[in-house]
4 protein chains.
Amino acid sequence: MTKPLNIGMIGYGFMGRAHSNAYCKVNNFFKLEHRPVLKAVCARNKDKAQAFANNWGYESIETDWRELLKRDDIDAVDICTPNNLHKEIAIAAAEAGKMILCEKPLAMDVKEGEQMVKAVEKAGVRNMVWYNYRRVPAVTLAKQLIDEGRLGRIFHYRAVFLQDWTISADVPQGGAATWRLDAEAAGSGVTGDLLAHCIDTAIWLNGPMTNVTAMTETFVKERKHAETGQMQKVGIDDACAFLGHFKNGSLAVFESTRYARGHKALYTFEINGENASIAWDLHDLHRLSFFDHRDESKLRGWKSVHVTDGDHPYMGNWWVPGLQIGYEHSFVHQVADFLKSLETGEPAQPDFASALETQKVCDAVLKSAQDGKWAEVG
Amino acid sequence: MTKPLNIGMIGYGFMGRAHSNAYCKVNNFFKLEHRPVLKAVCARNKDKAQAFANNWGYESIETDWRELLKRDDIDAVDICTPNNLHKEIAIAAAEAGKMILCEKPLAMDVKEGEQMVKAVEKAGVRNMVWYNYRRVPAVTLAKQLIDEGRLGRIFHYRAVFLQDWTISADVPQGGAATWRLDAEAAGSGVTGDLLAHCIDTAIWLNGPMTNVTAMTETFVKERKHAETGQMQKVGIDDACAFLGHFKNGSLAVFESTRYARGHKALYTFEINGENASIAWDLHDLHRLSFFDHRDESKLRGWKSVHVTDGDHPYMGNWWVPGLQIGYEHSFVHQVADFLKSLETGEPAQPDFASALETQKVCDAVLKSAQDGKWAEVG
Amino acid sequence: MTKPLNIGMIGYGFMGRAHSNAYCKVNNFFKLEHRPVLKAVCARNKDKAQAFANNWGYESIETDWRELLKRDDIDAVDICTPNNLHKEIAIAAAEAGKMILCEKPLAMDVKEGEQMVKAVEKAGVRNMVWYNYRRVPAVTLAKQLIDEGRLGRIFHYRAVFLQDWTISADVPQGGAATWRLDAEAAGSGVTGDLLAHCIDTAIWLNGPMTNVTAMTETFVKERKHAETGQMQKVGIDDACAFLGHFKNGSLAVFESTRYARGHKALYTFEINGENASIAWDLHDLHRLSFFDHRDESKLRGWKSVHVTDGDHPYMGNWWVPGLQIGYEHSFVHQVADFLKSLETGEPAQPDFASALETQKVCDAVLKSAQDGKWAEVG
Amino acid sequence: MTKPLNIGMIGYGFMGRAHSNAYCKVNNFFKLEHRPVLKAVCARNKDKAQAFANNWGYESIETDWRELLKRDDIDAVDICTPNNLHKEIAIAAAEAGKMILCEKPLAMDVKEGEQMVKAVEKAGVRNMVWYNYRRVPAVTLAKQLIDEGRLGRIFHYRAVFLQDWTISADVPQGGAATWRLDAEAAGSGVTGDLLAHCIDTAIWLNGPMTNVTAMTETFVKERKHAETGQMQKVGIDDACAFLGHFKNGSLAVFESTRYARGHKALYTFEINGENASIAWDLHDLHRLSFFDHRDESKLRGWKSVHVTDGDHPYMGNWWVPGLQIGYEHSFVHQVADFLKSLETGEPAQPDFASALETQKVCDAVLKSAQDGKWAEVG
């Protein structure tokens with residue numbers, strides 16, 4: 001019999017849905033000793049909390065996250081709130097001895113992140129951050145290829161995360177649906193929201209970054225606030241790009257924007273090594289592009305691997321070769337790995353300490369953009 | 001509150017998993033009056049039935065489908081057995097007054113299919129066949145575009161379903177995993193397994209077919225039987241291609257094989273109309289290719305629509321633009337539509353009568369391949 | 001010093017331009033003993049012949065091809081006329097002892113083609129047919145891969161040649177620009193014009209074909225004649241598809257049409273072998289797709305080879321890796337190979353005898369489409 | 001009758017071939033009043049000059065470019081030498097009253113470039129720089145679309161030029177074949193060689209740039225000199241990336257390298273505007289990708305335009321829709337436009353003054369990379 005892991009979810013938005021779905025599905029597809037139980041969902045608005053609980057089968061609701069943390073029947077807290085609440089909740093949860101699964105980015109800034117890392121380390125509680133793209137099978141396959149040494153010395157790493165949903169000046173900022181445009185709630189714009197994903201993957205695949213030079217832009221200077229209806233200055237970065245160096249000597253070129261017409265969520269990365277190169281694209285997340293210079297000369301070319309076979313990461317748990325999975329499965333995989341970590345005792349990755357490294361790059365990027373100078377990471 | 005729809009599943013293979021997953025997920029993502037309840041799963045092997053029930057949360061098991069049909073607490077029977085059992089079970093289920101959801105192809109041949117249609121019509125029970133590809137959002141979008149008259153007169157419809165998993169002569173026939181290679185269990189090879197999908201979609205999008213000329217091939221003539229270990233003649237078609245006409249005057253070119261090295265499950269179709277053309281590819285099922293001749297001359301080209309927006313069919317129920325769903329979601333959509341049909345009273349499509357039309361084309365194809373002559377459909 | 005090869009061109013249309021360009025360029029890029037000299041162009045309309053001569057640098061003009069054949073200063077005759085003149089000119093040219101480069105298809109039918117083969121063999125003159133696609137570097141590379149045995153046993157060969165330029169009923173038939181729609185001048189429609197290319201390549205890559213079942217269609221039944229202005233019945237096939245067998249046991253599926261909206265000149269082929277598969281597409285003619293099942297399992301995928309390297313066929317003579325050549329270069333290569341054959345004494349391929357094999361398939365296809373029965377080739 | 005334009009070519013390398021081919025072909029395909037005549041080729045090595053003259057039909061040779069400039073029978077000088085000779089030759093040619101067609105980049109640096117601009121302006125001679133990519137039909141089409149205002153306000157411009165030919169430490173520097181790796185001859189590495197192309201196109205399409213922050217890298221620190229055989233420090237940049245701003249407020253992200261394994265000559269750019277986006281890729285130079293947000297919502301997508309129709313820029317002069325041209329044709333178009341400018345009296349673009357703007361960005365990029373600070377352009 002599987003052992004229950006009682007989940008207390010805080011927040012009910014997009015990520016609340018993605019995580020809940022993952023908790024519901026994981027044991028249907030993965031053989032694990034533990035089984036998430038949807039014990040409680042917490043949100044300030046009681047009706048919305050109840051509707052969410054009904055939809056997903058949460059056994060109970062809370063309207064104050066402090067109450068949730070007091071409950072003995074909660075093993076793990078899942079933090080799906082806007083970024084400005086991560087720190088306070090996470091530290092309290094650690095103190096309450098709860099495991100913590102926290103949405104990304106870890107914190108509003110490095111200072112907050114450091115406090116959070118300290119708290120979980122002091123409390124000795126399990127902790128993980130939802131950088132879900134590591135668990136897209138094609139991305140995990142990229143990690144395998146790199147770990148196997150197939151690329152040789154790395155020269156280049158480039159990544160973009162391009163969207164186009166905020167081009168209209170009529171999109172408001174703040175509120176439940178658009179808090180990501182509100183600097184108070186989000187901390188930063190595309191840097192924490194999108195580039196953070198790119199950076200987490202990059203550090204995982206290519207090691208730490210050392211320094212950056214960056215630029216940011218806010219194309220729409222004022223937006224109406226969704227709740228107050230007042231026009232107010234936009235404090236976030238609509239676009240951010242940076243150059244930099246990895247510790248291994250390779251060069252970084254990163255860019256993110258919500259003003260790239262035609263791209264809904266185009267997260268791509270490409271790594272160029274001495275012997276081989278890898279490229280991936282979230283818009284076709286089930287494929288991995290691979291070029292191997294050691295192939296016979298006249299037959300060299302970029303190969304599109306349809307990552308749907310039983311020997312591809314995670315895929316033996318799903319359907320048959322040729323049949324795609326989607327975005328939501330990356331969360332199922334992350335839950336599966338978290339549950340597996342309870343069996344093995346190994347920390348599930350990325351933990352808070354790992355996510356703090358990404359935060360350090362984000363902070364350096366924002367600092368460089370403000371100062372107009374190269375900034376050291378960390 | 002939602003009304004329960006008690007499901008009795010017969011079979012526990014690949015399709016049993018796909019359907020069970022759909023029953024579990026549908027109400028998390030679609031607002032519906034009804035909710036599937038996993039009441040019982042039936043399989044001859046008790047241990048396997050129990051393991052499946054445990055995995056998916058079926059409340060009980062049966063080892064004889066006749067017993068399942070006797071139960072009052074079963075509203076709908078889901079037939080996921082090999083093809084040679086469809087007819088007998090479906091007719092008995094109809095007589096027992098159960099709704100029926102039957103895997104495709106409907107039957108071993110037209111004669112069986114006609115009996116099944118007659119049975120469900122006589123009993124007045126709801127019935128549906130799992131031609132799931134109609135519910136891939138990109139395919140449903142294709143249907144919308146055609147219904148809106150965007151293509152004009154249709155000249156060509158071509159489809160392929162290419163796989164490569166039986167090339168090795170070591171793949172056995174028969175048994176639980178490879179019954180599709182056994183003519184006794186499957187009726188035919190790629191014709192009923194793969195071309196049936198192509199034909200169902202084609203009739204849905206382009207109307208009835210009138211005649212065909214076909215060829216089939218069995219590349220590996222003998223295979224070991226998975227259960228007996230005996231080498232025996234292969235009775236199925238490894239490959240099948242046919243030409244034909246649609247009633248609307250357009251030309252059909254269809255091909256299917258399990259010997260197309262490099263293709264895992266490449267189902268593609270393309271429709272060429274006077275004004276516009278459409279193409280789709282299962283290996284990137286979240287995209288639809290569209291060419292519109294009425295575009296400005298110098299900017300004409302094939303457009304790749306990333307079918308992940310809220311105004312695309314079914315997609316408003318899932319994530320945000322740019323984030324893919326996968327193969328399994330087509331089944332969720334089919335369940336959602338079936339449940340919706342209980343609200344509206346409209347029959348869910350394709351019903352048995354509709355699936356019989358596909359069966360008629362399959363039979364004509366096999367007849368033509370055998371005779372070496374053009375065959376009329378129906 | 002290079003030796004002159006005096007060319008007499010008959011016709012000045014699209015193919016006249018393509019060939020003339022090839023004659024002009026070949027020695028700039030290929031080291032050869034011979035050099036084409038543009039001695040004369042022949043066309044019934046004197047002004048047009050002169051304009052063409054001026055544009056390309058032909059030294060003289062003729063208005064009667066019989067006069068051209070009488071000239072001692074012509075070594076080789078290039079037949080770029082409509083198909084219905086090929087036979088008469090080619091036989092007279094052979095009798096006059098001229099080398100012959102004849103546009104494809106070889107003839108109006110097998111009967112004519114046989115007379116032509118007989119004539120050139122009797123006269124012992126060099127002869128070649130302009131099936132230029134063999135000389136697209138990616139296609140030549142495909143040939144190399146097959147000759148090296150990389151595909152293993154072949155199961156499938158499929159090809160399409162799709163265009164959309166005759167969909168409008170206002171396109172006339174007959175005349176200089178649209179003789180391809182006139183059965184009198186062209187013999188057949190897409191079969192001789194487009195499928196002939198597909199068949200030539202197929203026989204070259206995969207060996208002879210044995211039998212076929214075909215269908216043809218004429219979507220627009222009447223068109224105005226470009227010269228007379230009279231509406232008259234359309235005698236050609238607008239579309240043609242056929243199934244068949246190769247002698248090596250593989251299956252053929254071929255289709256061609258001028259009614260595939262969105263495709264300008266989409267000639268594609270794909271070959272599926274036991275060990276590997278190959279695909280090519282004229283719309284991106286500088287690429288070859290290759291799938292090798294012997295690749296490491298988790299890294300199998302279709303590879304897109306950018307056929308622009310020095311070790312790719314013909315490409316060492318052009319630019320540097322990554323820089324494309326285009327359609328016209330296939331003719332340059334064919335001329336280079338023809339000139340090379342003068343050095344080596346080997347016949348340049350495809351010669352008339354080889355092109356006759358393609359004609360036999362075309363005739364079988366048209367016969368099958370007319371009879372509604374399978375037809376044997378040859 | 002066409003008027004001769006007597007060409008004196010200096011240099012016989014890769015670009016010498018590309019230009020010679022363009023001079024030979026242009027009048028076959030474009031109706032023009034002028035016709036280039038290959039009067040003389042100049043190179044220090046007499047044998048090589050003669051071989052080149054023989055191959056392309058140059059009437060004479062010179063071994064000292066100063067002698068060439070003295071000849072009265074030369075109307076236009078084409079400078080295809082390494083970069084370090086551009087200035088001296090160009091200024092002398094201007095003083096000699098010759099038209100000048102100069103390879104890119106214009107000069108070793110802005111200071112040289114300014115002298116060159118001054119010289120041609122003083123002399124009043126026609127001048128042009130071979131930024132050939134403007135004349136790829138798909139790129140010219142992009143320019144048309146922008147000029148028509150289809151993109152609206154521009155937010156982003158990104159470009160890369162990725163190669164992989166110098167990864168091996170065994171590639172030498174200096175000498176005829178590899179002078180591009182020698183700082184003495186080339187001035188810079190990828191910045192002047194590759195980024196200069198990206199910048200020229202960018203300024204043409206999106207207007208002037210105002211400031212940049214850049215990084216460069218030299219991965220292989222020492223290489224053998226091709227002529228001396230001595231190992232010596234590598235002075236050029238192997239890779240260069242920069243961020244910056246355009247005067248119109250849009251953001252620039254540019255990157256170039258010769259260490260991107262798998263890319264032979266991957267020049268791509270993408271422009272994101274308020275209403276539409278454009279992307280292009282040199283590896284498939286005959287296609288343009290276009291996304292129009294004003295398309296109907298459910299049918300929005302990136303369109304791949306096969307730029308081979310008669311109403312596409314330059315294409316009416318070539319073949320028929322669907323048939324590609326290649327790299328070399330961009331030079332033919334540039335010659336055609338230069339000859340046309342003799343008819344119209346308008347300057348052919350880019351002239352020296354225009355190319356100087358690109359040089360200014362290159363200099364700012366190199367300065368920023370050296371200083372580690374943002375640099376102003378100009």
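In what follows, chains are A, B, ... by sequence order, proteins preceding strands, each numbered from 1.
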**OP:** Answer yes or no: is there a donor N or O on one side and an acceptor on the other, between the side chain of His283(D) and the main chain of His306(C), under 3.5 Å?
**Re:** no

Subject >> Interchain contact, Asp284(C) with chain D, by part (heavy-atom threshold 4.5 Å) >> reply: both

Original post:
Hey, does the side chain of Thr140(D) reach the backbone of Arg134(D) with a donor-acceptor pair shorter than 3.5 angstrom?
Top reply: yes

**OP:** May I ask you to name which of Leu282(C), Leu266(C), Asp309(C), Asn54(C) has the most heavy-atom pairs under 4.5 Å with chain D?
**Re:** Asp309(C)

**OP:** Pick whichever of Asn21(D), Ile325(D), Thr2(D) has the most heavy-atom pairs under 4.5 Å with chain C.
**Re:** Asn21(D)

Original post:
Would Arg261(D) and Asp164(D) pass as an ion pair if we require N to O under 4.0 Å?
Top reply: yes

**OP:** Examine whether an atom of Arg287(C) lies under 4.5 Å from a heavy atom of chain D, and if so say whether it belongs to the side chain, the backbone or both; otherwise answer neither.
**Re:** side chain

Original post:
Is the number of heavy atoms from other residues, nucleotides or ligands within 6.0 Å of NZ (Lys48(D)) greater than 12?
Top reply: no

Original post:
Relative to chain C, which of Gly57(D), Cys24(D), Ala18(D) shows the most heavy atom pairs under 4.5 Å?
Top reply: Ala18(D)

Original post:
Is chain C contacted by the side chain of Asn27(D), its backbone, both, or neither, given a heavy-atom distance below 4.5 Å?
Top reply: backbone

Original post:
Does any N or O in the side chain of Tyr259(D) come within less than 3.5 Å of the main-chain N or O of Thr166(D), such that one atom is a donor and the other an acceptor?
Top reply: yes

Original post:
Which class fits the ring pair His19(D) and Phe331(D): parallel under 30°, tilted 30 to 60°, perpendicular over 60°?
Top reply: tilted

Subject >> Test salt bridge (Lys or Arg N to Asp or Glu O under 4.0 Å) applied to Asp295(D) and Lys303(D), step by step >> reply: CA-CA 11 Å; Asp295(D) 282 353; Lys303(D) 197 189 282 181; 5.1 Å; no

Original post:
If you count heavy-atom pairs under 4.5 Å between each of Ala265(C), Pro321(C), Ser20(C) and chain D, which one has the most?
Top reply: Pro321(C)

Original post:
Cation-pi between Arg17(D) and Trp319(C): NZ/CZ under 6.0 Å from ring centre and within 45° of the ring axis?
Top reply: yes

Original post:
Does any heavy atom of chain D fall under 4.5 Å from the side chain of Thr308(C), the backbone, both, or neither of them?
Top reply: both

Original post:
What residue, out of Phe29(C), Tyr327(C), Tyr267(C), has the most heavy-atom pairs lying under 4.5 Å from chain D?
Top reply: Tyr327(C)

Original post:
Side chain, backbone, both or neither: which part of His329(C) has an atom under 4.5 Å from a heavy atom of chain D?
Top reply: side chain

Subject >> Trp318(D), part contacting chain C, at a heavy-atom distance under 4.5 Å >> reply: both

